[in-house]
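Have a look at the structure below, then the notes.
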Amino acid sequence: MTAKYYSNIEIAELLRSVAAAYELKDAERNKFRIIAYERAADAVEHATSELKDLWDEGKLAEVPGIGPNIASHLDELFRKGRSKHFDEVMKGYSPNIFKLIKIQGIGPKTAYKLVTELGLEKSKDILKDVEKVSKKGRIAKLEGFGETSQAEITKSIVESKDKVKRILLPYAESIAYEVISWMKSCKAVERIDPLGSLRRKASTVGDIDLSVASDQPQEAIEHFTNYPKAKRVLEKGDHTASIIVTPEIQIDLMVQPVASYGALLQHFTGSKHHNIALREYAMKKGLSLSEYGIKNRRGKLKSYKTEEEFYQVLDMEWIPPELREDTGEIEVALNHKIPKLVELPDIKCDLQIHSDFDIETSHDLGESSMEEIIEKGNSLSYEYLAFTEHNPSKSGHSEKKIVELIKRKNEAVEKLNYSLVKDMKISVKKVFNSLEIDIMPDGSLPVPQEAFGYLDFALVSIHSSFRLSRNEMTKRILSALAYPKVKIFAHPTARKINEREGVELNWPEIFEFCRKNNKWIEINADPMRLDLPDNLVKEAIDYGIKLTLGTDAHHKDGLENIKYGVYVARRGWAKANDIINTQSLEEFEKLLKGGDK
DNA sequence: GCCGTTTTCGGCCCGACTGTTTTCAGTCG
């Protein structure tokens, strides 16, 4: 019998359910066991690989937060499809309890009361039934509940149904900047910053976090809750407030006086895991950290105006927000070895652009001409660019025709290069003739050998057959990468955020091949791709792989998305030297000629 | 239940806000 496949999301959910069950059994006695299970759930959600794959390789216990006990229960889960221990802990609790704790504002205790006292243990649709019961006013009559909490529960259930998934970074930025400009119209606001995942430049953002420096917090909070687009005020206190704006995006605000704003910046930038690790470290030194500042052994609080001072007290270098994910940055900061991360001005080119030069492509053609794109590249002070249209479609073209189309494009590029060399006013000195070539399911490339002769280099990527097994997929990629002119593996996981999961690959094998054969891996800067994802960027760099940035622009304005690629690179601990795009034209041409080793 | 740059035992981040309470429990980040 083959056991059920458990995804990381399902495993995290299961671990949270076990934590909730312990909480219901005896919260006081199980206090730290509950925390351990919740931490394990967090760890699973943040894991870079599917846990099932790690289990296959016997590396389950290598995930920090998963110790020998939980690892053995998960082992049983993967082998048999169930864990006796998990079942035992959750025994006697209706599964509906664990469904309800996913609703905002409902924790284990509330869920338990609702399900048992309303007799909903066997409900087939718990959310709908709680809503129904609530309409009859029965929740308000339960002990410990009232009219207000009944209304809150109903609202949260309704909102959970059309809750948007995590939103893409540019969208979150635009929402944040609207609120920021509203807040700036308030005199009490001295300074306002986007923090949380927005400041850490995560690829997706859940809630939008904003901080305000003000010596009149009430006024700032009042102004915030009066934001014209706020459709609901979730909470409103002395230092913090939360609102919901359409479409169901939560905005949290925290206010601190100017004198202790540094501690607030640190606290509210997170990540949660970074802060926990930081506070645990501080605790060992007898210090206690919070958004107010740092307390010494005697409980005396000192406030900090800047974040730099705050980290300095801990004997640490200031840590760039992009690195604050508790993936080793604290230890590195203690040793004063934080790398100098790549920055936007380091970027000298864009290595994936689709022009409107019609070579009858397999996928969508770009909308801007090569000349328009060069002009745009000049405005970004680029030295060179690569035109990387999709390959001519295989169906409906003879091999001869495909060669002819690519040759024609090559002539156009050569002509452009001839005029660029003479034009002293433009920063772009060279454009490259390249292609983004589809990798066929069998790993072959739909471009005849002869056509490669007209290319400076090629990108390869997957646009179909996403569901191959991990081994088949890995073989497929490796055989495509083995073609001579192929330099770049583009949008390697082929994920589309919120739409499609990435493919399963044996990354160590891919990285090893790339390192040996001098192939590069792309960080696609399209905000809905951001692929290679940041955690894999870090792994790739540890392997010694060079990465490229490409916007995948299909319009000249798309070239501006390069910054999102830089963010991903930074989150993956990339230095300028790890990114091919930071090389001068001369260096880049050398690297191309270096070819396959 | 996890974990180790003072520990393989003995600790475990820190605080805000709300509703239903008479001093706190539950939830969240």
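So you know, we letter chains A, B, ... as the sequences are listed, proteins then strands, and number each from 1.
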Heavy-atom protein contacts under 4.0 Å, nucleotides 4-14 of chain B, coded B base, S sugar-phosphate only, - none: -BBB----BBB
Please tell me which of the listed nucleotides, B/dG1, B/dT27, B/dC17, lies nearest to the side chain of A/D238? B/dC17
Relative to the 5' end of DNA chain B, which residue comes earlier, A/S149 or A/P108, by the nucleotide with the nearest heavy atom? A/S149
Describe the nucleic acid contact of A/H273 in one word from base, sugar-phosphate, nothing, applying a heavy-atom distance below 4.0 Å. nothing
Who pairs with A/Y281 by ring-ring contact (aromatic ring centres under 6.0 Å, His included), at least two apart in sequence or on another chain? none
On DNA chain B, nearest-nucleotide positions of A/G65 versus A/L234: which is more 5'? A/G65
Taking NZ, NE, NH1 and NH2 as the nitrogens, is one of them in A/D578 or A/K575 under 4.0 Å from a carboxylate oxygen of the other? yes
Measure the distance from CD on A/E88 to P on B/dG1 and round it to the nearest whole Å. 13 Å
Do A/I103 and A/E159 have side chains that get closer than 4.5 Å, going by heavy atoms? no
So which nucleotide from B/dC2, B/dG26, B/dC17 ends up closest to the side chain of A/A36? B/dC2
Assign the ring pair A/F310 / A/Y304 to parallel, tilted or perpendicular, where the plane angle (0 to 90°) is split at 30° and 60°. perpendicular
Would a 4.5 Å heavy-atom cut-off, applied to side chains only, mark A/L341 and A/L323 as touching? yes
Determine the interatomic distance between C1' on B/dG15 and the same-named atom on B/dT6; round to the nearest Å. 28 Å
Hey, is B/dT7 sitting syn or anti, using the within-90° cutoff around 0? syn
Look at all strands and tell whether A/Y292 reaches a base, only sugar-phosphate, or nothing, counting heavy atoms closer than 4.0 Å. sugar-phosphate
Counting Watson-Crick and G-U wobble pairs only, both distances under 3.5 Å, name the nucleotide matched with B/dT8, or none. none
State whether A/T148 places a side-chain N or O below 4.0 Å from either non-bridging phosphate oxygen (OP1 or OP2) of B/dG19. no
Would you please confirm or rule out a distance under 4.0 Å between OP1 or OP2 of B/dG29 and any side-chain N or O of A/Q104? yes
Distance in angstrom units between A/K109 NZ and B/dA25 C1', rounded: 8 Å
Pick base, sugar-phosphate or nothing for A/L15, based on heavy-atom distances below 4.0 Å to the nucleic acid. nothing
State, with a plain yes or no, whether a side-chain heavy atom of A/Y292 is found less than 4.5 Å away from one of A/Q256. yes
Give a yes/no answer on whether the side chain of A/N69 brings an N or O atom under 4.0 Å of OP1 or OP2 in B/dC2. yes
For a ring pair (Phe, Tyr, Trp, His ring centres under 6.0 Å) with A/Y22, tell me which candidate from A/Y93, A/F86, A/Y37 qualifies. A/Y37
